[in-house]
K.L.:
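To start, I am sharing the structure in question, which I have written as structure tokens.
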Protein chains: 2
Amino acid sequence: MNEPRGSRRQRNAPTISDVAARAGVSPMTVSRVINREGSVRDATRERVEEAIAALRYAPSAAARMLAGGEDFRLGVLHTTTSLFYFSEFLVGCLDQAARQNGQIIVEQCAEGGEVAAIEHLLNGRVDGLLLPPPLGDAETVLAMLRERDVPVVAVSTGRAPEWALSVSIDDRKAAYEMTRHLGALGHRRIGFVTGAANQSATGERLAGYRDAVADMALDADDTLIAAGDFGYRSGLDAAERLLDLSDAPTAIFASNDDMAAATVAIAHRRDLDVPGDLTVCGFDDSALATTVWPELTTIRQPVSDMARTAVDLLMREIRQRRAGGSEDHPHVLVEYALIRRQSDAVPRRRPRATG
Amino acid sequence: MNEPRGSRRQRNAPTISDVAARAGVSPMTVSRVINREGSVRDATRERVEEAIAALRYAPSAAARMLAGGEDFRLGVLHTTTSLFYFSEFLVGCLDQAARQNGQIIVEQCAEGGEVAAIEHLLNGRVDGLLLPPPLGDAETVLAMLRERDVPVVAVSTGRAPEWALSVSIDDRKAAYEMTRHLGALGHRRIGFVTGAANQSATGERLAGYRDAVADMALDADDTLIAAGDFGYRSGLDAAERLLDLSDAPTAIFASNDDMAAATVAIAHRRDLDVPGDLTVCGFDDSALATTVWPELTTIRQPVSDMARTAVDLLMREIRQRRAGGSEDHPHVLVEYALIRRQSDAVPRRRPRATG
DNA sequence: GTGAAAGCGCTAACAA
DNA sequence: TTGTTAGCGCTTTCAC
């Protein structure tokens with residue numbers, strides 16, 4: 001009758017005490033084993049590990065956190081643009097956050113509704129924000145966040161503000177490399193389709209293209225540069241313009257895969273074989289790159305790794321701030337890769353019949 | 001010396017006790033206000049609410065859960081297919097889960113690695129699983145899950161197993177409606193591109209098409225039905241076959257947007273205007289539908305709402321099981337919508353010159 | 001190297 | 001209608 005009023009346990013999952021009992025040690029020792037603290041004798045550790053395995057024990061994140069573990073609420077702004085990118089980004093965030101007591105709050109926001117969305121997120125007590133493109137370049141958003149002194153990571157931005165954190169690839173170098181690749185294949189006239197004017201990656205990619213054109217002494221003709229906005233439709237128009245040129249390019253490098261896919265569509269509409277008559281390549285390696293046919297040669301941004309890094313950086317920053325510090329704001333550059341698929345080839349011999 | 005050793009609080013966020021102190025009530029009363037339990041006098045409630053606002057108090061999810069609140073860990077299997085779908089799906093899951101102490105664990109899995117992935121998820125102590133397509137039709141997956149007695153929701157499946165939960169649209173009816181729409185426009189020969197054979201939605205959509213063809217007495221010709229597999233490339237092939245027919249269709253209804261986009265590409269390659277010379281429509285209303293040009297007339301599946309519903313259903317089921325019960329396994333049907341965009345039109349007059 | 005005690009913030013059960 | 005008590009599962013602090 002001394003039973004204090006039945007336990008309130010609801011889930012019948014094993015607890016740290018169950019493990020301790022089975023291993024014949026105290027809960028504290030189990031805790032030490034779990035957290036990889038040094039001071040546990042090997043024999044003890046082994047017994048504990050056995051018990052953990054036998055019971056299929058998994059620690060309760062909630063209890064852990066409550067007992068002094070830190071926790072993090074990270075907001076992700078989801079704009080309607082770049083849906084392809086977003087999915088991969090989110091998976092990376094979720095994965096990394098789960099490893100570190102992080103919770104990801106996704107806030108959808110319509111164009112123009114960014115400020116309201118952020119307001120909402122901030123009221124929900126998020127500790128920091130992740131900004132996938134194009135938000136990392138949005139002046140009003142950035143200004144607001146800076147004023148509020150919210151920790152922020154900009155992802156895939158060409159040029160992130162100094163006070164923020166960022167994770168990107170070297171857009172300029174990647175575009176340079178792709179352009180050189182095309183040049184090495186034998187293309188002299190390479191068309192380029194730019195991205196949206198308000199994103200800094202756009203400028204970087206264009207600069208990379210220009211560098212390579214200059215370095216390899218390719219045809220440097222401004223009519224070879226067509227303005228796009230990262231949207232498929234803008235790619236359609238840009239490709240038309242480029243292919244209408246009296247001396248049309250033999251290769252077109254679009255600033256993203258959507259516009260490259262559009263270029264392929266236009267080429268086909270004109271009975272041009274890709275890559276036989278026209279080489280087309282993209283940038284990002286989004287789902288679209290392997291959806292269309294031929295599959296696109298492109299620059300791979302490791303989006304989900306970048307997301308993981310971003311979450312990591314952000315948590316570090318938040319932790320530092322909680323501890324009072326935080327002076328450095330790392331801007332990390334991750335590796336990209338040039339992925340060759342079926343959309344590039346050596347140019348067909350030009351009309352003036354060399355051979 | 002009676003000071004038990006200073007508080008261990010780490011975050012300086014206000015607690016329920018802070019609110020209670022400020023409002024001059026007990027923590028329990030605050031808890032009642034937060035949880036909208038009836039028995040609190042209005043005056044008291046107001047004071048508490050003021051205190052909450054003043055302190056910007058937000059309850060700690062961890063503490064709440066630990067104290068007996070239920071919690072849920074829901075696993076989502078992420079196959080490489082249908083990335084467009086997945087992003088929207090995930091956002092819905094996350095959103096709904098966040099409202100109900102749910103945590104979403106995403107597990108990526110390669111083709112053929114489903115069983116291992118599930119094993120991993122289950123070891124991570126998930127309480128239930130969400131199965132986006134094509135998993136809801138995968139026999140081995142389903143068998144394993146059933147044997148283990150794991151709560152499961154199949155989403156967007158044509159025909160979910162009785163013992164599981166499901167959220168779908170009425171694929172057959174939707175395809176029927178789209179086909180009738182095409183018939184009403186004046187098309188008599190309507191091509192159809194099927195989906196992957198191993199997904200039950202494929203059969204449903206085809207059946208809907210057939211029903212409408214019969215009901216409207218349209219040309220019922222099996223050469224008008226081309227097999228696809230939901231992939232873009234299969235759509236390319238199917239469209240070629242259909243347009244190579246001596247009496248080619250004036251409209252092609254593809255079982256998803258990817259294949260519809262491929263059909264548009266083939267049409268353009270053959271100098272056919274869409275929708276002038278050929279009407280094309282898709283199914284799903286994925287990101288692709290509004291990416292390509294012309295934008296696709298398609299059937300909208302409200303994926304993110306479906307995800308929300310799925311999470312809800314799953315939590316309800318888990319809760320019931322914890323309470324010992326659970327007899328009924330709801331299969332909910334949500335509304336779809338036929339979205340008209342720019343890819344459909346009245347057929348051009350046929351060669352035999354009617355007028 | 002290991003254990004005991006206390007407390008993280010909250011709510012269920014009971015008492016007033 | 002409101003308050004009191006105890007305990008959720010874990011980790012911290014201190015003692016051995």
Side-chain angles (χ1 to χ4, degrees), chain A residues 2-48 51-52 55 57-71 73 101 125 322, chain B residues 1-48 51-52 55 57-71 73 101 125 322-323:
Chain A
N2 222 341
E3 256 296 29
R5 179 189 351 158
S7 155
R8 278 168 52 207
R9 277 181 65 175
Q10 309 207 334
R11 318 193 42 168
N12 42 8
T15 73
I16 199 170
S17 303
D18 298 331
V19 176
R22 193 173 213 278
V25 297
S26 79
M28 203 45 237
T29 302
V30 177
S31 173
R32 289 191 177 104
V33 170
I34 295 169
N35 297 300
R36 311 210 133 51
E37 280 173 41
S39 55
V40 178
R41 199 170 305 166
D42 278 355
T44 316
R45 172 191 313 285
E46 273 168 35
R47 260 187 306 143
V48 171
I52 289 177
L55 261 27
Y57 166 79
S60 146
R64 191 172 230 177
M65 198 244 100
L66 230 207
E70 351 173 46
D71 84 320
R73 289 168 58 89
N101 290 309
R125 298 273 230 70
R322 283 181 185 166
Chain B
M1 207 78 11
N2 222 341
E3 252 297 26
R5 174 185 2 154
S7 157
R8 279 167 50 207
R9 275 181 67 175
Q10 310 207 334
R11 318 194 41 167
N12 43 6
T15 74
I16 199 169
S17 303
D18 297 332
V19 176
R22 194 174 212 277
V25 297
S26 78
M28 201 49 230
T29 302
V30 177
S31 173
R32 289 189 176 106
V33 170
I34 295 169
N35 298 300
R36 311 212 133 51
E37 281 173 39
S39 57
V40 178
R41 200 170 303 164
D42 279 354
T44 316
R45 172 192 313 284
E46 274 167 35
R47 259 187 306 141
V48 172
I52 289 177
L55 263 27
Y57 165 79
S60 144
R64 193 173 228 177
M65 196 246 103
L66 230 207
E70 349 173 50
D71 84 319
R73 289 168 58 90
N101 291 309
R125 301 273 231 66
R322 284 181 185 166

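Proteins come first, then strands; the chains are lettered A, B, ... in the order of their sequence lines, and each starts at number 1. Only heavy atoms go into these numbers, but all of them, side chains included; no hydrogens, no water, no symmetry mates. Keep in mind that this is a model prediction, so the values were computed, not measured.
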K.L.:
Could you pull out all residues at least two apart from A:Arg45 that satisfy side chain to side chain contact (heavy atoms under 4.5 Å, CB included)?
P.N.:
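Partners of A:Arg45 under the side chain to side chain contact (heavy atoms under 4.5 Å, CB included) test: A:Val33, A:Val40, A:Asp42, A:Glu49.
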K.L.:
Considering non-hydrogen atoms only, spot the tightest contact between A:Ser17 and A:Pro27 and give its length.
P.N.:
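Closest approach of A:Ser17 to A:Pro27, heavy atoms only: OG-CG, 4.3 Å.
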K.L.:
State, to 0.1 Å, how close A:Ala23 and A:Val48 come at their nearest heavy-atom pair, and which atoms those are.
P.N.:
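Between these two residues, the closest heavy atoms are CB-CA, 4.0 Å.
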K.L.:
Apply side chain to side chain contact (heavy atoms under 4.5 Å, CB included) to residues A:Arg32 and A:Thr44 and explain how you reach the verdict.
P.N.:
CA-CA 11 Å; A:Arg32 289 191 177 104; A:Thr44 316; over 6 Å; no
K.L.:
Rounded to the nearest angstrom, tell me the gap between atom CD1 in B:Ile16 and atom P in C:dC8.
P.N.:
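My rounded result for the distance is 14 Å.
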K.L.:
State, to 0.1 Å, how close B:Tyr57 and B:Ile16 come at their nearest heavy-atom pair, and which atoms those are.
P.N.:
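For B:Tyr57 versus B:Ile16, the nearest heavy atoms are CE1-N, 3.5 Å.
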K.L.:
If the condition is side chain to side chain donor-acceptor pair (under 3.5 Å), which residues does B:Ser31 pass it with, not counting sequence neighbours?
P.N.:
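Residues passing side chain to side chain donor-acceptor pair (under 3.5 Å) with B:Ser31: B:Asn35.
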K.L.:
Indicate, with a heavy-atom threshold strictly under 4.0 Å, whether A:Ser60 touches base, sugar-phosphate, or nothing.
P.N.:
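Contact class for A:Ser60: sugar-phosphate only.
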K.L.:
What is the distance, rounded to the nearest whole Å, between atom CG of B:Asp18 and atom C1' of C:dC10?
P.N.:
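Distance, rounded to whole Å: 13 Å.
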K.L.:
Given atom CG of B:Leu55 and atom C1' of C:dG9, what is their separation to the nearest angstrom?
P.N.:
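Going from CG in B:Leu55 over to C1' in C:dG9 covers 15 Å.
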K.L.:
From the set D:dT1, C:dC10, C:dT2, return the single nucleotide nearest to any side-chain atom of A:Thr44.
P.N.:
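Output: C:dT2.
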K.L.:
On DNA chain D, check which nucleotide each of A:Ala63 and B:Arg45 is closest to and give me the residue with the more 5' one.
P.N.:
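Result of the comparison: B:Arg45.
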K.L.:
Enumerate the residues from residues 24-32 of chain A whose closest heavy atom to DNA chain D is under 4.0 Å, giving them by residue number; use none for an empty result.
P.N.:
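By residue number: A:Met28, A:Ser31.
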K.L.:
What is the distance, to the nearest angstrom, from the CG atom on B:Leu66 to the P atom on C:dC8?
P.N.:
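So the CG-P distance, B:Leu66 to C:dC8, works out to 13 Å.
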K.L.:
Using whole Å, what does the distance between atom C1' of nucleotide D:dG9 and atom OH of A:Tyr57 come to?
P.N.:
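Nearest whole value for this atom pair: 7 Å.
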K.L.:
Quick check for you: among D:dT1, C:dG9, C:dG1, whose closest atom lies nearest to any side-chain atom of B:Ser39?
P.N.:
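Nearest listed nucleotide: D:dT1.
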K.L.:
Apply side chain to side chain contact (heavy atoms under 4.5 Å, CB included) to B:Arg22 and list each qualifying residue two or more places apart in sequence or on a separate chain.
P.N.:
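By the side chain to side chain contact (heavy atoms under 4.5 Å, CB included) rule, B:Arg22 matches B:Ala51, B:Ala54, B:Leu55.
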K.L.:
Test A:Arg47 against every option in A:Thr29, A:Ile52, A:Val25 by the side-chain contact (heavy atoms from CB on, under 4.5 Å) rule and name the one that passes.
P.N.:
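Considering A:Thr29, A:Ile52, A:Val25, a side-chain contact (heavy atoms from CB on, under 4.5 Å) with A:Arg47 is found only for A:Val25.
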K.L.:
Need the bend value for the helix from C:dG1-D:dC16 to C:dA16-D:dT1: angle between end axes, 5 pairs each end, nearest 10°.
P.N.:
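If I round to tens, the end axes sit 30° apart.
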K.L.:
Answer yes or no: does a side-chain N or O of B:Arg64 lie under 4.0 Å from OP1 or OP2 of C:dT11?
P.N.:
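B:Arg64 to C:dT11 OP1/OP2: side-chain N or O found under 4.0 Å.
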K.L.:
Using whole Å, what does the distance between atom C1' of nucleotide C:dT2 and atom CZ of A:Arg41 come to?
P.N.:
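Taking atom C1' of C:dT2 as the reference, CZ of A:Arg41 is at 9 Å.
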